[in-house]
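Data first, discussion second: the structure below is written as C-alpha coordinates.
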Protein chains: 2
Amino acid sequence: MDIEIRSGCPINLTMEVLGDRWSLVIIRDIMFGNRRHFRELLNRSEEGIASNILAARLKRLMSYGLISKLDDPSHSQKAIYSLTEASIQLVPMFAMIGAWGRRHLPVSEDLSIRAELLEEGGQPLWDEFMADLRRIHIEDPIGGANGTVKSPVLARLTAAFLEVRAKMDAPAS
Amino acid sequence: MDIEIRSGCPINLTMEVLGDRWSLVIIRDIMFGNRRHFRELLNRSEEGIASNILAARLKRLMSYGLISKLDDPSHSQKAIYSLTEASIQLVPMFAMIGAWGRRHLPVSEDLSIRAELLEEGGQPLWDEFMADLRRIHIEDPIGGANGTVKSPVLARLTAAFLEVRAKMDAPAS
DNA sequence: TCCATCTGATTGCGTTTTGAAACTAGTTGA
DNA sequence: TCAACTAGTTTCAAAACGCAATCAGATGGA
(Lines give C-alpha, C1' and ligand atoms only; values in the text may rest on other atoms or scores of the structure.)
Protein backbone atom coordinates (compact mmCIF):
# COMPACT_ATOMS: atom_id res chain seq x y z
CA MET A 1 0.00 0.00 0.00
CA ASP A 2 3.05 2.27 0.33
CA ILE A 3 5.49 3.50 -2.26
CA GLU A 4 8.92 2.02 -1.82
CA ILE A 5 10.54 5.06 -3.44
CA ARG A 6 13.25 3.45 -5.50
CA SER A 7 14.12 6.94 -6.74
CA GLY A 8 12.67 10.46 -6.87
CA CYS A 9 12.41 10.44 -10.68
CA PRO A 10 8.93 11.55 -11.80
CA ILE A 11 8.65 8.71 -14.31
CA ASN A 12 9.76 6.10 -11.80
CA LEU A 13 7.40 7.38 -9.10
CA THR A 14 4.48 7.43 -11.52
CA MET A 15 5.23 3.83 -12.44
CA GLU A 16 5.42 2.86 -8.77
CA VAL A 17 1.91 4.27 -8.29
CA LEU A 18 0.23 3.44 -11.62
CA GLY A 19 2.56 0.82 -13.09
CA ASP A 20 0.43 -2.30 -12.96
CA ARG A 21 -2.11 -3.93 -15.24
CA TRP A 22 -5.23 -2.70 -13.48
CA SER A 23 -4.95 0.72 -11.83
CA LEU A 24 -5.27 2.85 -14.96
CA VAL A 25 -7.97 0.56 -16.36
CA ILE A 26 -10.07 1.09 -13.23
CA ILE A 27 -9.56 4.87 -13.33
CA ARG A 28 -10.50 4.75 -17.03
CA ASP A 29 -13.82 3.04 -16.20
CA ILE A 30 -14.62 5.59 -13.49
CA MET A 31 -13.60 8.49 -15.74
CA PHE A 32 -14.95 7.52 -19.16
CA GLY A 33 -17.65 5.03 -18.15
CA ASN A 34 -18.82 6.92 -15.05
CA ARG A 35 -18.86 3.62 -13.13
CA ARG A 36 -19.12 4.69 -9.54
CA HIS A 37 -20.10 1.50 -7.67
CA PHE A 38 -18.13 -1.65 -6.93
CA ARG A 39 -20.54 -3.85 -8.89
CA GLU A 40 -20.48 -1.57 -11.91
CA LEU A 41 -16.70 -1.68 -11.95
CA LEU A 42 -16.74 -5.45 -11.45
CA ASN A 43 -19.48 -6.76 -13.76
CA ARG A 44 -19.37 -4.22 -16.54
CA SER A 45 -15.60 -4.31 -16.83
CA GLU A 46 -14.57 -4.94 -20.43
CA GLU A 47 -11.52 -6.87 -19.21
CA GLY A 48 -13.12 -8.99 -16.47
CA ILE A 49 -11.30 -7.98 -13.32
CA ALA A 50 -11.52 -10.31 -10.29
CA SER A 51 -13.34 -8.97 -7.24
CA ASN A 52 -10.40 -9.35 -4.86
CA ILE A 53 -8.10 -7.52 -7.25
CA LEU A 54 -10.65 -4.73 -7.69
CA ALA A 55 -11.05 -4.37 -3.92
CA ALA A 56 -7.28 -4.28 -3.42
CA ARG A 57 -6.77 -1.70 -6.18
CA LEU A 58 -9.54 0.57 -4.94
CA LYS A 59 -7.96 0.51 -1.49
CA ARG A 60 -4.53 1.22 -2.93
CA LEU A 61 -5.74 4.06 -5.15
CA MET A 62 -7.54 5.59 -2.17
CA SER A 63 -4.36 5.45 -0.10
CA TYR A 64 -2.60 7.40 -2.85
CA GLY A 65 -5.39 9.96 -3.03
CA LEU A 66 -6.36 9.03 -6.59
CA ILE A 67 -9.95 8.13 -5.77
CA SER A 68 -12.29 8.90 -2.89
CA LYS A 69 -15.12 6.89 -1.34
CA LEU A 70 -18.49 8.17 -0.18
CA ASP A 71 -21.59 6.54 1.33
CA ASP A 72 -24.49 6.37 -1.10
CA PRO A 73 -27.53 7.90 0.67
CA SER A 74 -29.90 5.69 -1.36
CA HIS A 75 -28.48 2.46 0.05
CA SER A 76 -26.60 2.25 3.32
CA GLN A 77 -24.30 -0.45 2.03
CA LYS A 78 -23.50 1.17 -1.28
CA ALA A 79 -20.36 3.22 -1.79
CA ILE A 80 -19.73 5.84 -4.44
CA TYR A 81 -16.20 5.99 -5.81
CA SER A 82 -15.10 9.33 -7.24
CA LEU A 83 -12.08 10.79 -8.95
CA THR A 84 -9.96 13.36 -7.12
CA GLU A 85 -8.19 16.41 -8.53
CA ALA A 86 -5.03 14.28 -8.92
CA SER A 87 -6.74 11.62 -11.04
CA ILE A 88 -8.72 14.21 -13.02
CA GLN A 89 -5.37 15.67 -14.04
CA LEU A 90 -4.54 12.32 -15.64
CA VAL A 91 -6.76 13.30 -18.61
CA PRO A 92 -3.88 14.52 -20.82
CA MET A 93 -1.91 11.37 -19.97
CA PHE A 94 -4.88 9.20 -20.98
CA ALA A 95 -5.09 11.14 -24.24
CA MET A 96 -1.41 10.40 -24.97
CA ILE A 97 -1.66 6.77 -23.92
CA GLY A 98 -4.72 6.30 -26.09
CA ALA A 99 -3.06 8.03 -29.04
CA TRP A 100 0.04 5.85 -28.79
CA GLY A 101 -1.95 2.64 -28.33
CA ARG A 102 -4.11 3.45 -31.32
CA ARG A 103 -1.03 3.79 -33.53
CA HIS A 104 1.03 0.88 -32.33
CA LEU A 105 -1.25 -1.80 -30.92
CA PRO A 106 -4.09 -3.95 -32.34
CA VAL A 107 -6.97 -1.84 -30.99
CA SER A 108 -10.59 -2.43 -31.95
CA GLU A 109 -12.47 0.26 -33.85
CA ASP A 110 -15.35 0.78 -31.44
CA LEU A 111 -13.23 0.94 -28.30
CA SER A 112 -10.80 3.42 -29.79
CA ILE A 113 -13.19 6.06 -31.12
CA ARG A 114 -13.16 7.89 -27.77
CA ALA A 115 -9.37 7.95 -27.76
CA GLU A 116 -9.43 9.35 -31.28
CA LEU A 117 -11.83 12.16 -30.36
CA LEU A 118 -9.89 12.95 -27.20
CA GLU A 119 -6.68 13.23 -29.20
CA GLU A 120 -8.25 15.40 -31.90
CA GLY A 121 -9.84 17.74 -29.35
CA GLY A 122 -6.47 18.57 -27.83
CA GLN A 123 -5.92 20.76 -24.79
CA PRO A 124 -9.20 22.73 -25.17
CA LEU A 125 -11.26 19.53 -25.05
CA TRP A 126 -9.15 18.14 -22.18
CA ASP A 127 -9.78 21.31 -20.17
CA GLU A 128 -13.49 21.12 -20.88
CA PHE A 129 -13.58 17.45 -19.91
CA MET A 130 -11.64 18.07 -16.70
CA ALA A 131 -14.08 20.84 -15.77
CA ASP A 132 -16.95 18.38 -16.31
CA LEU A 133 -15.22 15.76 -14.20
CA ARG A 134 -14.74 18.22 -11.34
CA ARG A 135 -18.48 18.82 -11.34
CA ILE A 136 -19.57 15.17 -11.32
CA HIS A 137 -16.80 13.83 -9.07
CA ILE A 138 -15.83 16.64 -6.68
CA GLU A 139 -18.59 19.26 -6.55
CA ASP A 140 -21.58 16.87 -6.72
CA PRO A 141 -20.42 13.23 -6.61
CA ILE A 142 -23.89 11.97 -5.65
CA GLY A 143 -25.64 13.78 -8.48
CA GLY A 144 -22.80 12.70 -10.79
CA ALA A 145 -23.24 9.06 -9.78
CA ASN A 146 -27.03 8.89 -10.14
CA GLY A 147 -27.09 10.85 -13.40
CA THR A 148 -28.74 14.06 -12.22
CA VAL A 149 -25.57 15.94 -13.09
CA LYS A 150 -24.04 15.08 -16.45
CA SER A 151 -20.89 15.74 -18.44
CA PRO A 152 -21.50 17.12 -21.95
CA VAL A 153 -18.08 15.94 -23.12
CA LEU A 154 -18.71 12.42 -21.81
CA ALA A 155 -22.12 12.43 -23.52
CA ARG A 156 -20.46 13.26 -26.84
CA LEU A 157 -17.79 10.59 -26.44
CA THR A 158 -20.38 7.97 -25.47
CA ALA A 159 -22.67 8.92 -28.37
CA ALA A 160 -19.82 8.52 -30.84
CA PHE A 161 -18.94 5.15 -29.32
CA LEU A 162 -22.53 3.89 -29.57
CA GLU A 163 -22.77 5.10 -33.16
CA VAL A 164 -19.69 3.11 -34.17
CA ARG A 165 -21.08 0.11 -32.29
CA ALA A 166 -24.37 0.36 -34.14
CA LYS A 167 -22.59 0.55 -37.51
CA MET A 168 -20.53 -2.53 -36.65
CA ASP A 169 -23.62 -4.51 -35.66
CA ALA A 170 -25.54 -3.51 -38.79
CA PRO A 171 -25.27 -5.84 -41.79
CA ALA A 172 -22.71 -4.71 -44.33
CA SER A 173 -24.38 -2.41 -46.84
CA MET B 1 5.93 -12.73 -23.84
CA ASP B 2 2.58 -12.42 -25.57
CA ILE B 3 -0.31 -10.05 -25.03
CA GLU B 4 -3.34 -11.80 -23.64
CA ILE B 5 -5.65 -9.18 -25.21
CA ARG B 6 -8.21 -8.78 -22.48
CA SER B 7 -9.83 -6.13 -24.69
CA GLY B 8 -9.09 -3.98 -27.74
CA CYS B 9 -9.21 -0.74 -25.77
CA PRO B 10 -6.13 1.40 -26.48
CA ILE B 11 -5.59 2.17 -22.80
CA ASN B 12 -5.95 -1.46 -21.79
CA LEU B 13 -3.60 -2.66 -24.52
CA THR B 14 -1.00 -0.06 -23.63
CA MET B 15 -1.16 -1.22 -20.02
CA GLU B 16 -0.78 -4.82 -21.10
CA VAL B 17 2.44 -3.88 -22.90
CA LEU B 18 3.89 -1.16 -20.64
CA GLY B 19 1.94 -1.62 -17.41
CA ASP B 20 4.58 -2.91 -15.04
CA ARG B 21 7.11 -1.33 -12.74
CA TRP B 22 10.14 -1.63 -15.01
CA SER B 23 9.43 -1.39 -18.75
CA LEU B 24 9.04 2.38 -18.97
CA VAL B 25 11.95 2.92 -16.55
CA ILE B 26 14.21 0.92 -18.87
CA ILE B 27 13.03 2.79 -21.95
CA ARG B 28 13.57 6.05 -20.03
CA ASP B 29 17.21 5.09 -19.36
CA ILE B 30 17.81 4.21 -23.00
CA MET B 31 16.04 7.38 -24.20
CA PHE B 32 17.18 10.04 -21.72
CA GLY B 33 20.38 8.42 -20.40
CA ASN B 34 21.52 6.98 -23.74
CA ARG B 35 22.35 3.72 -21.97
CA ARG B 36 22.79 1.27 -24.79
CA HIS B 37 24.50 -1.73 -23.14
CA PHE B 38 23.22 -4.29 -20.64
CA ARG B 39 25.76 -3.27 -17.99
CA GLU B 40 24.99 0.42 -18.35
CA LEU B 41 21.31 -0.29 -17.83
CA LEU B 42 22.11 -2.58 -14.91
CA ASN B 43 24.80 -0.80 -12.89
CA ARG B 44 23.93 2.81 -13.60
CA SER B 45 20.23 2.31 -12.96
CA GLU B 46 18.97 4.84 -10.44
CA GLU B 47 16.48 2.29 -9.14
CA GLY B 48 18.72 -0.78 -8.93
CA ILE B 49 17.07 -3.27 -11.25
CA ALA B 50 18.05 -6.94 -10.86
CA SER B 51 19.87 -8.55 -13.78
CA ASN B 52 17.28 -11.27 -14.35
CA ILE B 53 14.44 -8.73 -14.46
CA LEU B 54 16.41 -6.54 -16.86
CA ALA B 55 17.12 -9.50 -19.15
CA ALA B 56 13.46 -10.56 -19.10
CA ARG B 57 12.20 -7.04 -19.81
CA LEU B 58 14.64 -6.45 -22.67
CA LYS B 59 13.49 -9.70 -24.25
CA ARG B 60 9.85 -8.76 -23.77
CA LEU B 61 10.28 -5.25 -25.15
CA MET B 62 12.07 -6.68 -28.16
CA SER B 63 9.21 -9.10 -28.80
CA TYR B 64 6.83 -6.11 -28.86
CA GLY B 65 9.10 -4.17 -31.22
CA LEU B 66 9.83 -1.44 -28.69
CA ILE B 67 13.59 -1.92 -28.72
CA SER B 68 16.04 -3.55 -31.08
CA LYS B 69 19.33 -5.32 -30.47
CA LEU B 70 22.50 -5.06 -32.47
CA ASP B 71 26.00 -6.56 -32.17
CA ASP B 72 28.60 -4.03 -31.09
CA PRO B 73 31.45 -4.24 -33.62
CA SER B 74 33.96 -3.09 -30.97
CA HIS B 75 33.35 -6.11 -28.73
CA SER B 76 32.02 -9.45 -29.92
CA GLN B 77 30.06 -10.02 -26.70
CA LYS B 78 28.56 -6.57 -26.42
CA ALA B 79 25.07 -5.80 -27.62
CA ILE B 80 23.67 -2.36 -28.44
CA TYR B 81 20.06 -1.78 -27.50
CA SER B 82 18.23 0.88 -29.49
CA LEU B 83 14.84 2.50 -29.53
CA THR B 84 12.50 1.84 -32.44
CA GLU B 85 10.03 4.21 -34.10
CA ALA B 86 7.31 2.90 -31.76
CA SER B 87 9.25 3.70 -28.58
CA ILE B 88 10.50 7.02 -29.94
CA GLN B 89 6.87 8.00 -30.29
CA LEU B 90 6.50 7.53 -26.53
CA VAL B 91 8.18 10.94 -26.06
CA PRO B 92 4.91 12.90 -25.62
CA MET B 93 3.65 10.25 -23.19
CA PHE B 94 6.85 10.56 -21.16
CA ALA B 95 6.36 14.32 -21.12
CA MET B 96 2.83 13.91 -19.72
CA ILE B 97 3.84 11.24 -17.21
CA GLY B 98 6.70 13.42 -16.00
CA ALA B 99 4.44 16.45 -15.76
CA TRP B 100 1.85 14.57 -13.73
CA GLY B 101 4.41 12.96 -11.44
CA ARG B 102 6.08 16.29 -10.78
CA ARG B 103 2.78 17.79 -9.60
CA HIS B 104 1.41 14.90 -7.56
CA LEU B 105 4.28 12.79 -6.26
CA PRO B 106 7.31 13.46 -4.00
CA VAL B 107 9.87 13.91 -6.79
CA SER B 108 13.42 15.08 -6.16
CA GLU B 109 14.56 18.38 -7.65
CA ASP B 110 17.54 17.13 -9.64
CA LEU B 111 15.76 14.16 -11.20
CA SER B 112 12.76 16.23 -12.28
CA ILE B 113 14.48 19.11 -14.06
CA ARG B 114 14.47 17.19 -17.34
CA ALA B 115 10.74 16.49 -17.01
CA GLU B 116 10.18 20.20 -16.38
CA LEU B 117 12.11 21.26 -19.47
CA LEU B 118 10.39 18.61 -21.60
CA GLU B 119 7.00 19.86 -20.47
CA GLU B 120 7.85 23.52 -21.06
CA GLY B 121 9.23 22.82 -24.51
CA GLY B 122 5.95 21.33 -25.67
CA GLN B 123 5.34 19.73 -29.06
CA PRO B 124 8.14 21.65 -30.87
CA LEU B 125 10.74 20.34 -28.43
CA TRP B 126 9.25 16.83 -28.53
CA ASP B 127 9.50 16.82 -32.33
CA GLU B 128 13.09 18.02 -32.18
CA PHE B 129 13.95 15.37 -29.60
CA MET B 130 12.26 12.61 -31.59
CA ALA B 131 14.24 13.65 -34.68
CA ASP B 132 17.44 13.41 -32.61
CA LEU B 133 16.45 9.99 -31.30
CA ARG B 134 15.84 8.72 -34.83
CA ARG B 135 19.39 9.71 -35.74
CA ILE B 136 21.11 8.07 -32.76
CA HIS B 137 18.90 4.98 -32.53
CA ILE B 138 17.68 4.19 -36.03
CA GLU B 139 19.91 5.89 -38.60
CA ASP B 140 23.25 5.40 -36.79
CA PRO B 141 22.79 3.27 -33.67
CA ILE B 142 26.51 2.48 -33.44
CA GLY B 143 27.58 6.11 -33.67
CA GLY B 144 24.79 6.99 -31.27
CA ALA B 145 25.97 4.41 -28.78
CA ASN B 146 29.65 5.33 -28.84
CA GLY B 147 29.05 9.07 -28.79
CA THR B 148 30.18 9.98 -32.29
CA VAL B 149 26.64 11.07 -33.10
CA LYS B 150 24.95 13.20 -30.46
CA SER B 151 21.54 14.63 -29.65
CA PRO B 152 21.53 18.40 -29.05
CA VAL B 153 18.28 18.16 -27.08
CA LEU B 154 19.68 15.42 -24.86
CA ALA B 155 22.82 17.50 -24.33
CA ARG B 156 20.70 20.42 -23.13
CA LEU B 157 18.62 18.25 -20.79
CA THR B 158 21.73 16.62 -19.35
CA ALA B 159 23.50 19.95 -18.90
CA ALA B 160 20.52 21.32 -16.96
CA PHE B 161 20.45 18.19 -14.81
CA LEU B 162 24.17 18.44 -13.99
CA GLU B 163 23.78 22.11 -13.17
CA VAL B 164 21.06 21.41 -10.62
CA ARG B 165 23.15 18.59 -9.21
CA ALA B 166 26.14 20.90 -8.79
CA LYS B 167 24.01 23.49 -7.00
CA MET B 168 22.65 20.85 -4.65
CA ASP B 169 26.14 19.59 -3.81
CA ALA B 170 27.49 23.09 -3.21
CA PRO B 171 27.34 24.40 0.37
CA ALA B 172 24.31 26.59 1.04
CA SER B 173 25.26 30.19 0.29
C1' DT C 1 -42.42 -12.34 8.23
C1' DC C 2 -39.95 -14.71 4.87
C1' DC C 3 -36.77 -15.01 1.38
C1' DA C 4 -34.53 -14.08 -2.93
C1' DT C 5 -31.54 -10.59 -4.38
C1' DC C 6 -28.10 -7.05 -4.09
C1' DT C 7 -24.32 -4.67 -1.58
C1' DG C 8 -19.05 -4.36 -1.02
C1' DA C 9 -16.10 -7.07 -0.12
C1' DT C 10 -13.06 -11.52 2.06
C1' DT C 11 -11.14 -16.29 2.14
C1' DG C 12 -8.75 -20.37 0.25
C1' DC C 13 -5.91 -22.17 -2.87
C1' DG C 14 -3.16 -23.08 -6.81
C1' DT C 15 -0.40 -20.59 -10.40
C1' DT C 16 2.53 -17.00 -11.97
C1' DT C 17 5.67 -13.27 -11.38
C1' DT C 18 9.15 -10.95 -8.96
C1' DG C 19 13.64 -10.11 -6.62
C1' DA C 20 18.26 -10.80 -4.75
C1' DA C 21 22.42 -13.32 -4.88
C1' DA C 22 25.19 -16.47 -6.84
C1' DC C 23 26.82 -18.30 -10.82
C1' DT C 24 28.09 -19.26 -16.01
C1' DA C 25 30.55 -18.92 -20.11
C1' DG C 26 32.96 -16.39 -23.03
C1' DT C 27 36.10 -11.81 -24.32
C1' DT C 28 39.41 -8.30 -23.76
C1' DG C 29 43.50 -5.86 -22.70
C1' DA C 30 47.60 -5.46 -19.91
C1' DT D 1 48.47 -15.55 -17.90
C1' DC D 2 45.18 -13.35 -15.56
C1' DA D 3 42.18 -9.85 -13.71
C1' DA D 4 38.45 -7.42 -15.23
C1' DC D 5 34.57 -7.19 -18.07
C1' DT D 6 30.76 -8.95 -21.23
C1' DA D 7 25.70 -10.53 -21.42
C1' DG D 8 23.13 -12.89 -19.37
C1' DT D 9 21.08 -17.68 -16.48
C1' DT D 10 20.08 -20.34 -12.27
C1' DT D 11 18.18 -20.93 -7.91
C1' DC D 12 14.87 -20.30 -4.55
C1' DA D 13 11.89 -17.74 -1.47
C1' DA D 14 8.39 -14.28 -1.30
C1' DA D 15 4.85 -11.70 -3.20
C1' DA D 16 1.17 -10.94 -6.41
C1' DC D 17 -2.37 -12.75 -9.23
C1' DG D 18 -6.67 -15.14 -10.68
C1' DC D 19 -10.56 -17.85 -9.89
C1' DA D 20 -14.39 -19.69 -7.29
C1' DA D 21 -16.75 -19.83 -3.29
C1' DT D 22 -18.28 -17.46 0.52
C1' DC D 23 -19.84 -13.75 3.84
C1' DA D 24 -22.79 -10.60 6.49
C1' DG D 25 -25.71 -6.87 6.28
C1' DA D 26 -29.49 -4.27 3.54
C1' DT D 27 -33.36 -4.12 0.55
C1' DG D 28 -37.68 -5.01 -1.56
C1' DG D 29 -41.54 -7.76 -2.75
C1' DA D 30 -45.02 -11.48 -1.40
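Below, chains carry the letters A, B, ... as their sequence lines are ordered, and counting in each starts from 1. Just so we're clear, the structure is a prediction, and the values are computed from it rather than from any experiment.
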Grab the NZ-P distance between B:K69 and D:dA7 for me, whole Å please. 9 Å
Under 3.5 Å, is there any donor-acceptor pair linking the side chain of B:Q77 to the base of C:dG26? yes
Whole-Å distance, A:R35 CZ to C:dG8 C1', equals 17 Å
Cluster link A:L66 to A:I138, ILVMFWY, side chain under 4.5 Å: yes
If the threshold is 4.0 Å, N to carboxylate O, is there a salt bridge linking A:E16 and B:R21? no
Rounded to the Å, how far apart are A:L42 CG and D:dC19 C1'? 12 Å
Nearest whole Å is fine: how far is C:dT5 P from A:K78 NZ? 17 Å
Looking only at the side chains, is there a donor atom on one of A:S23 and A:R60 sitting less than 3.5 Å from an acceptor on the other? no
Per A:H75 side chain, nearest of listed nucleotides C:dT10, D:dT9, D:dT27: D:dT27
What is the distance from CG of B:D71 to P of D:dA7, rounded to the nearest Å? 11 Å
Measure NE2/A:H37 against C1'/D:dA26 and give the value in whole Å, please. 15 Å
When rounded to whole Å, the CG to P distance for the pair A:N43 and D:dA20 reads 14 Å
If a pair satisfies side chain to side chain donor-acceptor pair (under 3.5 Å) and one of its residues is in residues 89-101 of chain B, list it, with sequence neighbours excluded. A:H104-B:Q89, B:E85-B:Q89
Where at least one partner belongs to residues 118-156 of chain B, residue pairs that pass ring-ring contact (aromatic ring centres under 6.0 Å, His included), sequence neighbours excluded: B:F32-B:F129
Is the NZ or CZ atom of A:R6 both under 6.0 Å from the centre of the six-membered ring of B:W22 and within 45° of that ring's axis? yes
Once you round it to whole Å, what is the distance between P of C:dT7 and CZ of A:R36? 16 Å
I need a per-nucleotide contact map over nucleotides 12-24 of chain C, read 5' to 3'. Cutoff is protein heavy atoms under 4.0 Å; write B for the base, S for backbone only, - otherwise. B-----SBB-B--
Show your working on side-chain contact (heavy atoms from CB on, under 4.5 Å) between A:K150 and A:I136 and close with a plain yes or no. CA-CA 7 Å; A:K150 293 176 197 297; A:I136 66 178; 5.9 Å; no
OP1 or OP2 of D:dT27 sitting under 4.0 Å from any side-chain N/O of A:S76? yes
